[in-house]
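For reference, the structure is listed below as structure tokens.
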Amino acid sequence: MFSKIQAKNFRSFKNVSISSLKRVNVFTGMNGCGKTSVLEIPFLLAGGPNATLALSLYNFRNEHALTPNLERPFTSVFHELSISENIELDGYGDFLSETESPYRKLVISPIYSPEGEPNGTKTEGRIQGLTFDFQGPNGEFTGKIAWETETEAVDADSRPRMRTGLRSHSPQTQDNISAYFITPYYRELWGQAHNLLTELTKKNRVNEIVRQLKMIEPNIQNLLPLSESGVQTIYADIGAENLMPVPLLGGGFANIFHMVLDASVQHNGLLIIDEIEDGIHYIIVPKLIRYLLDISVQNNLQLFISTHSDEMLDMFAEVANDMAFEDLALFRLLNKNGEGTASYFSFQDLLASRETNAELR
């Protein structure tokens, strides 16, 4: 698991370094302080040289436009959109205990369009992609993703056409760590959820998900991944005359559904949850937290979670205390002019501060 992560020139941060990471890590802070950016650091480090994760980050921010030669999917990962300096991400941990070194480093650099490199000198011109240079316990690997234009022959009597599309090269390595990223903004989560639920249906394991979802919908009896007119839809049997599409059961149900589904199929990796409280009533929260703490140990997961709510931190502390769950770290994130700091405190610190009406800083 990661014990420390740090980043330079990434998203909200010129610099940020976070240590004292535990099995379950919860981050809070003001709007715009970089909570989601912090969650993206271990996600990228887990993928190593997989440069296509740049598009995942683009989608996670509810960006979906992909027109030829669009720069934004690439420039948006740089601090203040400045591509004059490379992104550097570092991670320390022991995910791969059989290797000699737990250190992981990822350098993300721009690929310039030809007009952006006059005489071979890089300028602040247009960029057409990114290079991911990764160093891990098993060596160095390079991946890339870029807009590339190719000549497409039509037939002997027609002029060739030029086609521009995204091309990627993302080598698989033994250093890759499985990671699931859950965010309320990413629409493609439903396609992923349909595929996962289909596999669980074939393995006769849907009851595991249904049992956990009773925390928010006591009447749920079954989940069915179906398709109508070529559209994949997940239906829930809640004892009504008709099956209900899961998205119609509310944002809170959908959010918990994604968490429970991903956590149940994920082993020995990362589960990353952005804005955990989205749509969830406070009465349900302690049950959800108890489930997440349990499954983190059961499936050997490291969790990175963001929240806007100090009340959510209180609930994590109270549940962890009730469960005697020691492997929890709470962080208050600050960002001043791009310099990020994350103040660590344990759940014992938080509970003690509440008893004395003190504020943790």
Side-chain angles (χ1 to χ4, degrees), residues 1-3 18-31 33 35-36 38-39 42 180 182-184 208-209 211-218 220 250-264 266 270-334 341-361:
M1 297 184 184
F2 288 112
S3 57
I18 303 172
S19 55
S20 301
L21 294 170
K22 305 290 186 182
R23 178 178 293 277
V24 178
N25 306 280
V26 186
F27 297 87
T28 190
M30 299 288 288
N31 288 339
C33 71
K35 294 186 296 296
T36 301
V38 164
L39 301 190
Y180 282 75
I182 302 168
T183 169
E208 300 174 22
I209 310 300
R211 183 170 64 253
Q212 299 300 334
L213 290 178
K214 288 183 180 292
M215 75 173 79
I216 188 170
E217 175 49 74
I220 190 168
F253 183 92
N255 200 17
I256 290 179
F257 167 74
H258 287 302
M259 290 185 224
V260 170
L261 179 62
D262 287 357
S264 68
Q266 174 73 312
L270 305 182
L271 185 65
I272 302 169
I273 304 171
D274 196 15
E275 297 188 20
I276 186 174
E277 71 269 35
D278 186 63
I280 301 175
H281 195 275
Y282 73 93
I283 291 178
I284 307 298
V285 170
K287 299 178 183 178
L288 174 62
I289 293 173
R290 182 174 291 273
Y291 167 75
L292 290 174
L293 298 185
D294 275 335
I295 200 71
S296 70
V297 176
Q298 180 180 326
N299 286 5
N300 191 30
L301 304 176
Q302 186 174 29
L303 274 56
F304 290 83
I305 299 168
S306 74
T307 176
H308 289 106
S309 167
D310 281 352
E311 289 76 14
M312 182 67 71
L313 292 190
D314 290 340
M315 291 184 184
F316 265 96
E318 290 169 4
V319 173
N321 186 51
D322 290 342
M323 296 174 61
F325 186 94
E326 298 282 346
D327 214 354
L328 170 69
L330 308 172
F331 296 90
R332 189 177 302 281
L333 190 64
L334 297 174
T341 59
S343 300
Y344 160 82
F345 45 99
S346 67
F347 72 83
Q348 293 97 335
D349 295 332
L350 181 57
L351 292 175
S353 73
R354 294 298 182 259
E355 290 178 2
T356 59
N357 293 318
E359 182 179 357
L360 285 169
R361 295 182 182 274

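Just so it is clear, the values below take in all heavy atoms, side chains as well, and ignore hydrogens, waters and symmetry mates.
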Can you sort out the partners of Gln298 under side-chain hydrogen bond (donor to acceptor under 3.5 Å, both in side chains), two or more places apart, ordered by chain and number? none
Any heavy-atom pair between the side chains of [Y] and [X] that's under 4.5 Å?
X	Y	result
Phe2	Leu270	yes
Glu217	Ile256	no
Phe316	Val24	yes
Val285	Met312	yes
Lys22	Tyr344	yes
Met259	Ile305	no

Apply side-chain contact (heavy atoms from CB on, under 4.5 Å) to the pair Ile295 and Gln266, showing each step before the final yes or no. CA-CA 10 Å; Ile295 200 71; Gln266 174 73 312; over 6 Å; no
Say you draw a straight line from [atom1] of [X] to [atom2] of [Y]; how long is it, rounded to the nearest 0.5 Å?
X	Y	atom1	atom2	result
Ser264	Ile209	OG	CD1	3.0 Å
Ile18	Thr341	CD1	OG1	9.0 Å
Phe253	Asn255	CZ	CG	11.5 Å
Leu288	His281	CG	NE2	14.5 Å
Ile182	His258	CD1	NE2	8.0 Å
Ile280	Ser309	CD1	OG	11.5 Å

With sequence neighbours excluded, residues passing ring pair (Phe, Tyr, Trp, His ring centres under 6.0 Å) with Tyr180: none
Test of understanding: with ring pair (Phe, Tyr, Trp, His ring centres under 6.0 Å), list the residues that count as partners of Tyr282, not counting sequence neighbours. none
Donor-acceptor contact present, side-chain Lys35 to main-chain Leu333, <3.5 Å: no
With distance as the sole test, does Arg23 use its side chain to make a donor-acceptor pair with the main-chain N or O of Leu303 at under 3.5 Å? no
Any salt bridge (charged side-chain N to carboxylate O under 4.0 Å, His left out) involving residues 296-322? Give me the pairs, sequence neighbours left out, ordered by first then second residue. Asp310-Arg332, Asp314-Arg354
Can you list every pair that meets salt bridge (charged side-chain N to carboxylate O under 4.0 Å, His left out) and has a residue in residues 279-291, with sequence neighbours left out? none
Taking all atoms of both residues into account, what is the closest heavy-atom pair of [X] and [Y], and its distance?
X	Y	result
Leu328	Ala320	CD2-CB, 3.6 Å
Ser20	Ala329	O-CB, 3.8 Å
Tyr291	Ala263	OH-CB, 3.7 Å

Could you list the donor-acceptor pairs under 3.5 angstrom formed between side-chain atoms of residues 271-279 and any protein atom two or more places apart in sequence or on another chain?
residue : atom : partner : partner atom : Å
Asp274  : OD1  : Thr36   : OG1          : 3.2
Asp274  : OD1  : Ser306  : OG           : 2.5
Asp274  : OD2  : Thr36   : OG1          : 2.9
Glu275  : OE1  : Tyr185  : OH           : 3.3
Glu275  : OE2  : Tyr185  : OH           : 3.1
Glu277  : OE1  : Thr307  : OG1          : 3.1
Glu277  : OE2  : Thr307  : OG1          : 3.3
Glu277  : OE2  : His308  : N            : 2.9

Would Phe331 and Leu21 count as a side-chain contact (heavy atoms from CB on, under 4.5 Å) if you check the C-alpha gap in whole Å, the side-chain angles of each, and the deciding distance to 0.1 Å? CA-CA 9 Å; Phe331 296 90; Leu21 294 170; 3.9 Å; yes
Checking side-chain contact (heavy atoms from CB on, under 4.5 Å) for the pair Asn300/Met1: CA distance, chi angles, key distance, verdict? CA-CA 9 Å; Asn300 191 30; Met1 297 184 184; 3.4 Å; yes
More than 12 foreign heavy atoms under 6.0 Å from CE of Met30: is that the case here? no
Over 60° means perpendicular and under 30° means parallel, so classify the ring planes of Phe304 and Phe27, tilted if in between. parallel
side-chain contact (heavy atoms from CB on, under 4.5 Å), that's the test. Do Phe325 and Ser296 meet it? Break it down for me. CA-CA 11 Å; Phe325 186 94; Ser296 70; 3.8 Å; yes
